[in-house]
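This report refers to the structure that appears directly beneath it.
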Amino acid sequence: QVQLVESGGGLVQAGGSLRLSCAASGLIFSSYAMGWFRQAPGKKREFVAAITWGGKNTNYASSVKGRFTISRDNAKNTVYLQMNSLRPEDTAVYYCAAGRYGIKPFLTNYWGQGTQVTVSS
């Protein structure tokens, strides 16, 4: 059974930083591209960032490029999302995702349960 478990969400002031983690189990982690998506209240889930199997290539939504960094540690079966210069509009539930194909676009095979990120102004 595949499990993706996110952690690291919380409440932060605008301009602050958070680091999300996603621990994966039940799959060959190094065979999957990994991604992060988010969904704000009343809005559709949107792509945030993705990283290829070996971590050499990444893809970001234009709204987070230059502020967020995705990385992975295949030895720990974990993917990270470092979020800097946070804005109130970054407030959302953030979801970890695993995909068997590329990152442009990122096609999701498995989802995590999500972690709440709230940025206060």
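Count residues from 1 along the sequence. The structure presented is a predicted model; accordingly, all values stated were derived computationally and were not measured.
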If you apply the rule side chain to side chain contact (heavy atoms under 4.5 Å, CB included), what do you find for M83 with D90, and how did you get there?
CA-CA 9 Å; M83 306 186 294; D90 294 318; over 6 Å; no
What do the steps show when you test L81 against T69 for side chain to side chain contact (heavy atoms under 4.5 Å, CB included), and what is the final call?
CA-CA 6 Å; L81 186 68; T69 302; over 6 Å; no
Tell me, with the steps shown, if N57 and I51 meet side chain to side chain contact (heavy atoms under 4.5 Å, CB included).
CA-CA 6 Å; N57 296 302; I51 188 167; over 6 Å; no
Tell me whether the centres of the aromatic rings in F37 and F47 are closer together than 6.0 Å.
yes
Distance-minimising heavy-atom pair for L4 and C22
CB-SG, 3.9 Å
Kindly indicate whether a cation-pi arrangement holds for R100 with Y32, taking the cut-offs as under 6.0 Å to the six-membered ring centre and within 45° of the axis.
yes
Single-linkage hydrophobic cluster, 4.5 Å side-chain cutoff, W36 and F106 together
no
Rounded to the nearest 0.5 Å, what separation is found between the CZ atom of F29 and the CE atom of M34?
4.5 Å
Minimal heavy-atom distance between L18 and G8, with the atoms involved, is CD2-O, 3.8 Å
Give a yes or no answer on whether the side chain of T91 reaches the backbone of E89 with a donor-acceptor pair at less than 3.5 Å.
no
For R19 and G9, indicate whether the former's side chain and the latter's backbone hold a donor-acceptor pair under 3.5 Å.
no
Please check if the side chain of N109 supplies one atom and the backbone of A97 the other of a donor-acceptor pair under 3.5 Å.
no
Please name the pair of heavy atoms, one in G26 and one in V2, separated by the smallest distance, quoted to 0.1 Å.
O-CG2, 3.4 Å
Does NZ or CZ of R38 lie under 6.0 Å from the centre of the six-membered ring of Y95, at an angle within 45° of the ring axis?
no
Nearest atoms (heavy-atom pairs only) where S121 meets A14:
CA-CB, 4.3 Å
Side chain to side chain donor-acceptor pair (under 3.5 Å), that's the test. Do Q113 and E6 meet it? Break it down for me.
CA-CA 7 Å; Q113 83 288 350; E6 301 97 333; 3.2 Å; yes
If every non-hydrogen atom of I103 is compared with every non-hydrogen atom of T58, which pair is closest and at what distance?
CD1-C, 3.6 Å
From CD (Q13) to CG (L86), nearest 0.5 Å:
11.5 Å
Can you tell me how far CG of L20 sits from OG1 of T78, rounded to the nearest 0.5 angstrom?
12.5 Å
Can you tell me how far CD of Q3 sits from SG of C96, rounded to the nearest 0.5 angstrom?
12.0 Å
Do the non-hydrogen side-chain atoms of Y80 and I70 ever get within less than 4.5 Å of each other?
no
Polar side-chain atom of N59 near backbone of A50 as donor-acceptor pair, under 3.5 Å:
no
Between N84 and S17, does any side-chain donor sit less than 3.5 Å from a side-chain acceptor?
yes
To the nearest 0.5 angstrom, please state how far the CG atom of L27 sits from the OH atom of Y110.
7.0 Å
Is it the case that the side chain of W53 and the backbone of S31 share a donor-acceptor pair, with hydrogens and angles ignored and the cut-off at 3.5 Å?
yes
Within 45° of the ring axis of Y60 and under 6.0 Å from its six-membered ring centre, is that where the NZ or CZ of R67 lies?
no
